Amino acid sequence: MIEVKHLSFAYAGQGEKAPFLTLEDVSLTVPKGTVCAIIGPSGCGKSTLLKAIAGLLPVHGLKGSLTIDGAAVDPKKKCIGFMPQSYGLLPWRTAEENIRLGCKIRHKNIEEASFKALCEKLGLLDLLKRYPGELSGGQQQRVSLARMFLLKPDVLLMDEPFSALDAITREEMQEVFLHLWQQSRVTTMLVTHYVEEALYLGGKILLMQPNPGRIAEFLDNPLAGDDAKRDTPAFTAMERELRRKIQAMRGGNGHA
Ligand code: ADP
Ligand code: MG
């Protein structure tokens, strides 16, 4: 379970500039075994919120509390899988080395059977000796997912994991992700700028608004995880409604 209470964060100002309030009074609970999708206009603090939970922000700008399973966030105690927007692969390491890297850094033993099963499921067995530069975007994404799921983190945080992919590959990867996720049900927070992706993947949907970044709505989404619900009127209606809200935020303040 991820609990965020009255979280505010300001990036330090440079020189004369005042600190920049980026998150204001954010409180939410993501129950264990849930995927929470975060959406909102560009610049509303989605990435900043994710980094805060990952323990990647300077503490002097932070106010409020962040806990995972009841304990203050400490990357040394809890294994946090953080997947940055750019996949976080090292270009000078092969796909296989990149997949193993997450466990290696945290001194976690790798079960070779899991490694093999995961690579097989992700269609990576023939690509293991290649370098990231020799892989397509979708393949790099698979390598990054393999790394995350091999690590078996306590929580998984993903920043726009599928944004760089074309529409068809993106839908494929959403399904691959769901399939893997359903086996571990790791508590996940996932940033996306596709409303449709949020509805398909997120059992909870966090809608954020900008200037400063705060919660607009935190919704339960009964339509998540079911491919058959993707083309239903209920899905389309909710998609339209959320998109309308995001557009209204952009128009409302002229900043985002
Ligand atoms: P989102 O992911 O929703 O697009 P971000 O969390 O990246 O938004 O950014 C939120 C706000 O914080 C933006 O206005 C952005 O310009 C600002 N910001 C992001 N990173 C930094 C930084 N390192 N220093 C100062 N301001 C930043
Ligand atoms: Mg972002």
Side-chain angles (χ1 to χ4, degrees), residues 2 4-28 30 35-66 73 75 80-89 137 140-141 144-145 148 155-165 170 173-174 177 188-202 204-219 221 239 242-256:
I2 300 171
V4 178
K5 280 191 197 148
H6 303 297
L7 182 77
S8 296
F9 176 75
Y11 283 108
Q14 300 286 333
E16 300 286 288
K17 272 167 59 184
F20 179 73
L21 187 64
T22 304
L23 296 174
E24 186 181 60
D25 200 21
V26 172
S27 297
L28 65 108
V30 181
V35 177
C36 170
I38 309 172
I39 53 173
S42 171
C44 69
K46 303 182 292 296
S47 296
T48 304
L49 176 60
L50 216 60
K51 283 181 200 156
I53 296 168
L56 296 174
L57 291 180
V59 287
H60 55 77
L62 273 173
K63 274 191 208 143
S65 85
L66 284 165
V73 170
I80 298 170
F82 183 75
M83 192 160 148
Q85 196 163 347
S86 50
Y87 310 142
L89 303 182
Q140 291 185 43
Q141 178 60 261
S144 189
L145 281 178
M148 283 302 138
V155 297
L156 180 54
L157 307 172
M158 305 165 96
D159 198 353
E160 302 205 17
F162 312 121
S163 289
L165 306 173
R170 187 164 63 240
M173 290 310 300
Q174 290 166 0
F177 165 76
T188 299
M189 290 181 86
L190 169 152
V191 173
T192 174
H193 66 243
Y194 295 101
V195 172
E196 181 270 337
E197 182 167 289
L199 282 169
Y200 181 47
L201 300 180
K204 289 221 165 240
I205 295 182
L206 176 68
L207 175 63
M208 290 182 67
Q209 65 186 86
N211 303 315
R214 56 204 187 278
I215 295 181
E217 292 184 40
F218 191 41
L219 310 164
N221 170 29
E239 187 180 350
L242 285 170
R243 196 167 286 149
R244 192 187 58 70
K245 284 181 180 162
I246 293 172
Q247 263 155 12
M249 289 175 197
R250 282 170 151 163
N253 53 45
H255 289 296

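Everything numeric in this text was worked out from a predicted model, so none of it was measured. Sequential numbering from 1 along the given sequence is applied to the chain's residues. In listed order, ligands and their atoms are each counted from 1.
Within ligand 1, the atoms closer than 4.0 Å to a non-hydrogen atom of F20 are 11 (C), 12 (O), 14 (O), 17 (C), numbered from 1 in the order shown. Counting the atoms of ligand 1 from 1 in the order shown, those under 4.0 Å from a heavy atom of T22 are 10 (C), 11 (C), 12 (O). The T48 neighbourhood of ligand 1 comprises atoms 5 (P), 6 (O), 9 (O), 10 (C), with distances under 4.0 Å to a heavy atom of that residue. Close approach to G45 involves these atoms of ligand 1, each under 4.0 Å from a residue heavy atom: 1 (P), 3 (O), 5 (P), 6 (O), 8 (O), 10 (C).
For a distance bound of 2.8 Å, the N, O or S atoms of Q85 include none lying that close to the Mg ion (ligand 2).
Looking only at heavy atoms of the protein, atom 18 (N) of ligand 1 is closest to Y11 CE1, 3.4 Å. Closest to atom 7 (O) of ligand 1, if we only count protein heavy atoms, is S47 CB, 3.7 Å.
Side-chain N/O atoms of S163 and Y194 include no donor and acceptor closer than 3.5 Å. Using modelled atom types and a 3.5 Å distance limit, the side chains of D159 and S47 yield a donor-acceptor pair.
Within the 4.5 Å cutoff, no side-chain heavy atoms of T188 are placed close to those of L157.
Residue-to-ligand polar distances place C44 within reach of ligand 1: an N/O pair is separated by less than 3.5 Å.
Here the straight-line distance linking atom CZ of F218 with atom CE of M208 works out to 11.5 Å at 0.5 Å rounding. Rounding to the nearest 0.5 angstrom, the gap separating the CD atom in E239 from the CD atom in E197 is 11.5 Å.
Around atom 10 (C) of ligand 1, the closest heavy atom drawn from A52, A12, S42, G43 belongs to G43.
Within 4.0 Å of atom 15 (C) of ligand 1, not a single protein heavy atom is present.
Under the 3.5 Å distance criterion, the side-chain polar atoms of S8 are matched with a main-chain donor or acceptor of D25.
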Next on the checklist: Test side-chain contact (heavy atoms from CB on, under 4.5 Å) on V195 and K245; report intermediate values, then the result.
Outcome noted: CA-CA 11 Å; V195 172; K245 284 181 180 162; over 6 Å; no
